[in-house]
Q: 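Please find one structure pasted underneath; my questions will follow.
Counting convention: from 1, in listed order, for ligands and their atoms alike. Counting from 1, the numbers follow the sequence of the chain as shown.
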Amino acid sequence: MYSWVSNEPLAVRFPALFGLEKCKTVTVSDRLRADGTGWNWEWKRAVLDGGESAELQQLVALIGVASLSNRQDEWRWELDGSGIFTVQSVKKKLQVQRLSIVPYVVTRNSWVPRKVEIMAWRAELDRLPTRCALLRRNINVATDLCPLCGDFPETAEHLFVNCGFAQAVWHVVSQWCKIPPIYAFGIRDILEIHKYVTGSVKARKAIYAICLTSLWCVWKCRNEAVFNNTLWSLQKVIGEIKTLSLLWVKARARQQHLDWVVWGAFSLYKIGW
Ligand SMILES: [Zn+2]
C-alpha cells in the first residue's frame, strides 16, 4: 500500500511531528492554504531545534515535490500504468523479482534418487536439452515442436507445465494425492506445491516426492517419443509415476507397511503418516 507522497504514512515517517500535531486525524486539505501556496501547520507548541526541526525540513522537502489537484482521492494500482489492478502486472512483478534474487535452490527430498532431484533442478533452470534449448545452442534439430502435443515449441516450461499432456498428468496427480487442483505458472510452482498443502510432514514429503517423480516420468516419456518414436498414453505415465514413487519412497523411507493398496489410494493415515 502506498500513501499519497511516500511509501509509508507520514505519521510513521515523522513520529516527532506527529506527536506535535494538534489534530491526529487531520487531512491534507485541512493543512493546505486556500491559495495552495503553503501549509497551515497547527502544532501543540513551537517546533524545537534538533529532531523535530530536522523532521519538518524533510517533510517540507518531501511534500514540496508532490503535485496536488482538486480531484477526489482515489486508489491507484502502482504496478500498471493504467492504475487499475491486473493479474498480468502481478505476474510480471513476480517474474522480475524472481530473476533478480539469488538462484532458486531445489529443496532436497531424500525419498527420491539424487538423479531425480538433479533433473528437476536442471528443468527449473531451463538447462535440459529440450528442442528449443538445443536450437538456442545452434544444434540442428528437425523441429522445435513439443514431441508430446506437437502444437507448441518445446521449452522446459511448456513440456512440464503448459503442455496439455503435462496438465493432464498434474490433474490426475492432484486427484490421486487428494490435494487441490494444481495450477502452475512455472516449474518452480510444481516444486513448491508440497509447501502449501495440508497434511503431516511425512504426507507432504510424499507429495513432494511424487511431484519430483512426475517431472522425471514426463521427461522419460518425452525421451521415448523423441528417441524411440513411442508415444506413451497418459495411463502409462501415471502408472510409471505411481510404481516408481512407491518403489523409491518405500525403500528410502524404510517403511515396510507402505504397499500398493495404501499408496494407490494415497491413504497414508493407515501407516500413521
Ligand atoms: Zn506439448
Q: Could you please tell me which protein N, O or S atoms lie under 2.8 Å from the Zn ion (ligand 1)?
A: C146 SG, C149 SG, H158 NE2, C163 SG
Q: Relative to W111, does K205 satisfy both conditions: NZ or CZ under 6.0 angstrom from the six-membered ring centre, and within 45 degrees of the ring's axis?
A: yes
Q: So which pairs with a foot in residues 116-142 pass ring-ring contact (aromatic ring centres under 6.0 Å, His included), sequence neighbours left out?
A: none
Q: Output all residues satisfying salt bridge (Lys or Arg N to Asp or Glu O under 4.0 Å) with R108, sequence neighbours left out; order by chain, then residue number.
A: E117
Q: With clusters built from Ile, Leu, Val, Met, Phe, Trp and Tyr whose side-chain heavy atoms come within less than 4.5 Å, directly or transitively, what are the remaining members of the cluster of L135, listed by chain and number?
A: L134, I139, V141
Q: Can you check whether L191 reaches I187 side chain to side chain, under 4.5 Å on heavy atoms?
A: yes
Q: With side chains defined as the heavy atoms from C-beta onward, is the minimum distance between I210 and F266 less than 4.5 Å?
A: yes
